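Working notes, beginning with the structure itself.
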Amino acid sequence: MHFRTRLRRLALTSIALVTAAAALPPATAGADDGSRDRHPSSGRLSALIHYTEYGVPHIVAKDYANLGFGTGWAQAADQVCTLADGFLTVRGERSRHFGPDAAPDGSLSSATRNLSSDLYFAGVRKAGTVEKLLATPAPAGPSRQIRESMRGWAAGYNAWIAQNRVTDPACAGADWVRPVTPLDVARRGFAVSVLGGQGRAVDGITAATPPGAAPVGEADPGRTARAARELFAPDGADMGSNAVAFSGRTTANGRGLLLGNPHYPWQGGRRFWQSQQTIPGELNVSGASLLGTTIVGIGFNEKVAWSHTVATGVTLNLHELRLDPADPTAYFVDGKPERMTQRTVSVPVKGGPPVTRTQWWTRYGPVVSGLGATLPLPWSATTAYALNDPNAANLRGSDTALGFAKARSTHDIHSTLRRVQGLPWVNTVAADSAGHSFFSQAQVLPRITDELAGRCSTPLGKVTYPASGVAVLDGSRADCGLGSDKDAVQPGIFGPARMPVLKDAPYAENSNDSAWLTNADRPLTGYERVFGTVATPRSLRTRGAVEDVSAMARGGRLTVGDLQRQQFANRAPAGDLAAADAAKACTALAAERPDVGLEEACEALGRWDRTVNTDSRGALLFDRFWRRLVAAVPPAQLWKVPFSATDPVRTPHTLNTAAPGFARALTGAVSELRAAGIALDAPLGRHQFVVRDGERLPLHGGTESLGVWNKIEPVWDAAGGGYTGVSTGSSHIQAVGWDGGRCPVARTLLTYAQSSNPSSPHYGDQTRLYSGERWVTSRFCEKDILGSPALRVERVRER
């Protein structure tokens with residue numbers, strides 16, 4: 001009786017606080033101009049936050065500005081240093097505080113030095129790029145609701161830093177933790193949008209300079225094609241994901257199921273952060289957002305759940321410019337010269353004078369000197385390369401998330417993708433309570449058709465496009481422009497009618513390969529090369545995932561519990577394919593070379609259970625051996641039975657133990673572990689771990705090349721005892737279904753926890769759960785929120 005009375009009082013308090021919040025006067029909208037830099041926010045915004053277990057906030061507000069306020073406040077409370085660091089990035093002020101040569105964390109661009117990062121983002125500011133996008137009417141530009149949420153987010157972040165003391169040692173007392181503007185929030189969203197395009201080429205944009213007197217060589221087609229293929233290969237990306245939706249035909253109750261498993265950085269500004277966002281009568285969604293964004297990005301509501309996977313679509317293309325022999329800053333289009341435009345910017349630098357540089361822009365985009373260190377694009381006396389990134393005109397990602405949050409079905413998810421067209425570099429996988437499954441590769445991609453590439457590719461483009469999807473078009477011909485689709489919201493991109501889509505298949509799964517094998521029984525074909533490949537080898541993670549989920553679908557009667565078991569099955573497909581052959585070859589090698597002492601290694605490989613659980617013995621040895629082997633042996637030589645497009649899940653197979661490099665990989669791994677003092681059959685979790693609050697937490701999971709669903713990319717430190725950290729991997733995991741009631745059946749896990757502040761109680765709490773393969777039961781409905789034994793209610797407001 002006492003417990004029920006307490007719940008009733010909490011409910012009444014909650015209702016009273018929401019009512020009070022709703023009675024507040026509306027905030028002043030105001031223009032988003034330079035005055036915002038001096039007066040970051042106005043009006044009196046507020047929100048009600050219920051905190052439940054593991055520090056998950058359930059934010060209730062009367063409108064989008066107030067919801068943004070509560071979200072900005074709560075994100076700052078958990079991640080103020082990470083957020084403040086990101087705002088320095090988009091302001092172009094890293095060099096001022098940290099020096100020009102230090103490296104950013106890589107979360108908002110590929111810049112290798114603070115100076116190149118600052119020069120790029122200072123150029124974005126000088127050009128007013130984001131201001132122009134904000135002023136673009138919807139649907140090409142952001143909606144009023146999203147602009148209001150950005151205004152509120154900035155106000156909430158500012159209110160938190162004004163009313164609280166920063167305790168995180170990463171920025172406590174730092175002068176660079178300061179108020180932000182709605183424009184800063186939008187600029188951060190822009191940076192996320194162009195990560196696969198201009199963001200990938202920041203060093204090349206800021207380093208591109210006209211040639212001097214010394215001759216400059218041309219780009220080598222073969223080398224450039226190889227570098228492009230490696231740069232854009234799915235298994236080489238620093239982010240990835242798995243997601244699977246099951247239709248009602250496969251489930252125990254005829255309703256859909258969704259398992260989402262994004263693989264994102266464990267540190268820095270691309271971390272996820274959990275919340276529930278509610279505007280009574282308007283919005284009610286739970287899930288995770290990327291830091292600094294205002295709306296839940298992946299999640300669920302009472303009718304539909306969705307997740308994203310990093311897609312194979314190439315979000316940029318190049319235009320090869322034929323230069324004026326008398327002026328390398330002028331280029332010809334249909335025989336007429338056009339001058340490049342200059343964008344000269346200065347950035348402050350710690351301990352020295354400001355640095356001034358000029359960037360060069362064309363009708364196609366910026367001139368680039370390369371796409372990373374491995375893919376140079378020389379600016380010679382006759383040739384230069386301009387980069388086209390259609391996402392530099394896309395600030396619609398948050399509107400896509402908002403449409404998903406309000407969706408009532410997978411049909412609504414699809415309608416949002418068609419209407420908003422705001423996802424830059426991810427696929428969407430979704431399921432709903434009516435039993436529908438859904439997949440779409442709806443990306444903002446340059447409109448590179450195979451016909452256009454065939455007609456307009458330069459000699460360089462003729463090798464890069466088939467190899468990697470990177471088109472290099474003849475910039476001297478106007479008829480080689482990208483054109484427009486009638487159903488596209490902006491020029492130069494594909495309309496939704498061209499996107500790969502799969503509806504209501506028994507399962508729809510993606511693990512960062514192309515859309516082709518989303519369902520192995522219903523392959524998707526007919527899309528342009530820029531979206532990805534068809535009938536080509538799949539990664540081991542895709543192959544293992546398709547094996548697993550297709551077997552689950554065939555077995556039927558699936559529940560949320562089955563999704564949870566799949567997440568932590570920790571099967572290593574590479575082990576299933578290769579461990580037995582490796583152990584057999586090891587035994588033969590041990591007999592040939594008794595001086596090496598391989599017998600113990602052979603026994604460990606033979607007894608390994610082919611999983612990467614924390615208690616798996618032999619997993620670490622196989623992992624270190626396999627890394628060396630795949631780095632040394634080309635894919636075509638690794639297997640005896642080659643890939644077959646008619647059997648893509650089971651081929652290639654049978655390890656080629658006679659391949660040059662096999663023996664070196666095996667003996668090298670054995671020597672490495674022995675030198676580190678690690679037993680060859682040590683349990684994986686003894687040497688794959690992270691430390692939180694002084695406690696060593698063993699970790700399961702494995703690297704990309706092993707093909708493990710529960711992917712982590714651990715950081716090797718032999719002197720520290722093995723893998724002592726994680727760079728990227730399983731992050732915000734959600735297993736979602738429905739049982740016919742008003743509350744979704746959801747289990748979630750944020751592997752690295754809500755806060756990166758070591759003094760926070762939520763610095764490692766969910767990491768302990770992850771270590772123990774335990775889940776959080778999501779509290780979505782009000783009765784469940786108010787019933788939390790960890791409930792803490794906080795009303796936050798501007799003063």
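On a predicted model such as this, the values are computed, not experimentally measured, just so you know.
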Heavy atoms only: give me the nearest Ser307-Pro262 pair and the separation to one decimal.
OG-CG, 4.2 Å
Listing request: all side chain to side chain donor-acceptor pair (under 3.5 Å) pairs with a residue in residues 763-772, at least two apart in sequence or in separate chains.
Gln274-Gln766, Asp693-Arg768, Glu695-Arg768, Asn710-Tyr770, His762-Asp765
Among residues at least two apart in sequence or on other chains, which ones pass side-chain contact (heavy atoms from CB on, under 4.5 Å) with Thr518?
Phe439, Leu502, Ala508, Ala515, Leu524
Would you kindly say whether Ser755 and Asp78 are connected by a side-chain donor-acceptor distance under 3.5 Å?
no
In sequence, state the C-alpha distance, the side-chain angles, and the governing distance for Thr294 and Thr71, and then conclude on side-chain contact (heavy atoms from CB on, under 4.5 Å).
CA-CA 7 Å; Thr294 65; Thr71 303; 5.6 Å; no
Does the side chain of Ser511 come under 3.5 Å of the side chain of Thr542 through a donor N or O and an acceptor N or O?
no
As a quick check of understanding, evaluate side-chain hydrogen bond (donor to acceptor under 3.5 Å, both in side chains) for Trp709 and Gln567, giving each step before the final call.
CA-CA 7 Å; Trp709 176 286; Gln567 176 59 42; 3.0 Å; yes
If only side-chain N and O atoms count, and only distance matters, is there a donor-acceptor pair under 3.5 Å linking Thr315 with Asn391?
no
Spell out, as yes or no, whether a donor-acceptor pair under 3.5 Å connects the side chain of Thr251 to the backbone of Gly254.
yes
Ignoring hydrogens and angles, state whether a donor on the side chain of Gln441 or Gln443 is under 3.5 Å from an acceptor on the partner side chain.
yes
Give a yes or no answer on whether the side chain of Thr400 reaches the backbone of Arg396 with a donor-acceptor pair at less than 3.5 Å.
yes
Measure the shortest side-chain to side-chain distance between Tyr51 and Leu791 over non-hydrogen atoms and say whether it is less than 4.5 angstrom.
no
Minimum heavy-atom separation for Leu417 to Ser440, with atom names?
CD1-CB, 3.9 Å
Candidate pair Asp562 and Arg565, rule salt bridge (Lys or Arg N to Asp or Glu O under 4.0 Å), full reasoning
CA-CA 5 Å; Asp562 293 303; Arg565 283 184 284 276; 3.0 Å; yes
Would you mind reporting whether Gln734 and Leu259 have side-chain heavy atoms less than 4.5 Å apart?
no
Is there a donor in the side chain of Asn261 and an acceptor in the side chain of His263, or the other way round, less than 3.5 Å apart?
yes
Main-chain N/O of Asn242 paired with Glu509 side-chain donor or acceptor, under 3.5 Å:
no
In the structure I gave you, are the side-chain heavy atoms of Ser756 and Gln79 within less than 4.5 Å of one another anywhere?
yes
Stepwise side-chain contact (heavy atoms from CB on, under 4.5 Å) test for Leu283 and Leu402
CA-CA 9 Å; Leu283 177 74; Leu402 180 58; 4.2 Å; yes
Tightest non-hydrogen contact, residues Asp521 and Tyr507, listed as N-OH, 4.5 Å
Please determine, by modelled atom types, if Ser616 and Thr611 share a side-chain donor-acceptor pair under 3.5 angstrom.
yes
For the residue pair Ser437 / Asp504, report whether a side-chain donor-acceptor contact shorter than 3.5 Å exists.
no
Using modelled atom types only, decide if a donor and an acceptor are shared between the side chain of Thr703 and the backbone of Leu706 within a distance under 3.5 Å.
no
Do the side chain of Ser193 and the main chain of Gly189 share a donor and acceptor less than 3.5 angstrom apart?
no
Looking only at side-chain N and O atoms, does Asn394 offer a donor or acceptor that is under 3.5 Å from a partner on Gln421?
no
How about Ser247 and Thr250: does a side-chain donor come under 3.5 Å of a side-chain acceptor?
no
Salt bridge (Lys or Arg N to Asp or Glu O under 4.0 Å) for Glu53 and Arg779? Distances and angles first, verdict last.
CA-CA 9 Å; Glu53 294 94 330; Arg779 297 181 180 274; 2.8 Å; yes
May I ask you to check whether His687 and Tyr723 place their ring centers less than 6.0 Å from one another?
no
Judged by atom type as modelled, is there a donor-acceptor pair below 3.5 Å linking the side chain of Trp738 to the main-chain atoms of Gly435?
no
Main-chain N/O of Ser289 paired to Thr293 side chain as donor or acceptor, under 3.5 Å
no
Side-chain touch Val444/Trp425, heavy atoms, less than 4.5 angstrom:
no
Per salt bridge (Lys or Arg N to Asp or Glu O under 4.0 Å), Glu547 is matched among Arg538, Arg571, Arg541 by Arg571
Between Thr751 and Ser730, which heavy-atom pair has the shortest distance, and what is it?
OG1-O, 2.6 Å
side-chain contact (heavy atoms from CB on, under 4.5 Å) between Thr525 and Trp516, intermediate numbers included:
CA-CA 6 Å; Thr525 60; Trp516 178 45; 4.1 Å; yes
Evaluate the ring planes of Phe780 and Phe300, with Trp represented by its six-membered ring, and classify them as parallel (under 30°), tilted (30 to 60°) or perpendicular (over 60°).
tilted
Closest heavy-atom contact between Val310 and Asn427?
O-ND2, 3.9 Å
Spacing of CZ belonging to Arg650 relative to CG belonging to Leu577, to within rounding of 0.5 Å
11.5 Å
If you take the centroid of each ring, where Trp contributes its six-membered ring, are Tyr64 and Trp153 closer together than 6.0 Å?
no
Check: Ser409/Asp432 side-chain N/O donor and acceptor closer than 3.5 Å:
no
Ionic contact status for Glu282 with Lys406, cut-off 4.0 Å
yes
Measure from the side-chain N and O atoms of Thr777 to the backbone N and O of Arg747, and report whether any donor-acceptor pair falls under 3.5 Å.
no
What are the two closest heavy atoms between Gly269 and Asp105, and how far apart are they?
N-OD2, 3.2 Å
Measure from the side-chain N and O atoms of Arg627 to the backbone N and O of Ser705, and report whether any donor-acceptor pair falls under 3.5 Å.
no
State, yes or no, whether a side-chain contact exists between Leu684 and Asn613 at a heavy-atom distance under 4.5 Å.
no
So how far is it from Thr278 OG1 to Glu782 CD, rounded to the nearest 0.5 Å?
9.5 Å
Got Asn512 and Ser241 here, is their nearest side-chain heavy-atom distance under 4.5 Å?
yes
Any side-chain heavy atom of Tyr752 within less than 4.5 Å of one from Ser731?
yes
Report the residues that fulfil salt bridge (Lys or Arg N to Asp or Glu O under 4.0 Å) with Arg271, sequence neighbours left out, ordered by chain and then residue number.
none
With a 3.5 Å distance limit and no angle check, can you tell me whether Thr312 reaches the backbone of Phe531 through a side-chain donor-acceptor pair?
yes
Set of side-chain contact (heavy atoms from CB on, under 4.5 Å) partners for Ala288, sequence neighbours left out:
Phe272, Ile298, His732
Could I get the full list of side-chain contact (heavy atoms from CB on, under 4.5 Å) partners for Val426, not counting sequence neighbours?
Tyr264, His308, Leu423
Listed by chain and number, what are the side-chain contact (heavy atoms from CB on, under 4.5 Å) partners of Ser275, not counting sequence neighbours?
Pro57, Ile59, Trp273, Gln277, Val296
Carefully, step by step, assess His50 and Gln276 under the rule side-chain contact (heavy atoms from CB on, under 4.5 Å).
CA-CA 9 Å; His50 293 74; Gln276 182 175 2; over 6 Å; no
Is the shortest side-chain heavy-atom distance between Thr52 and His58 below 4.5 Å?
yes
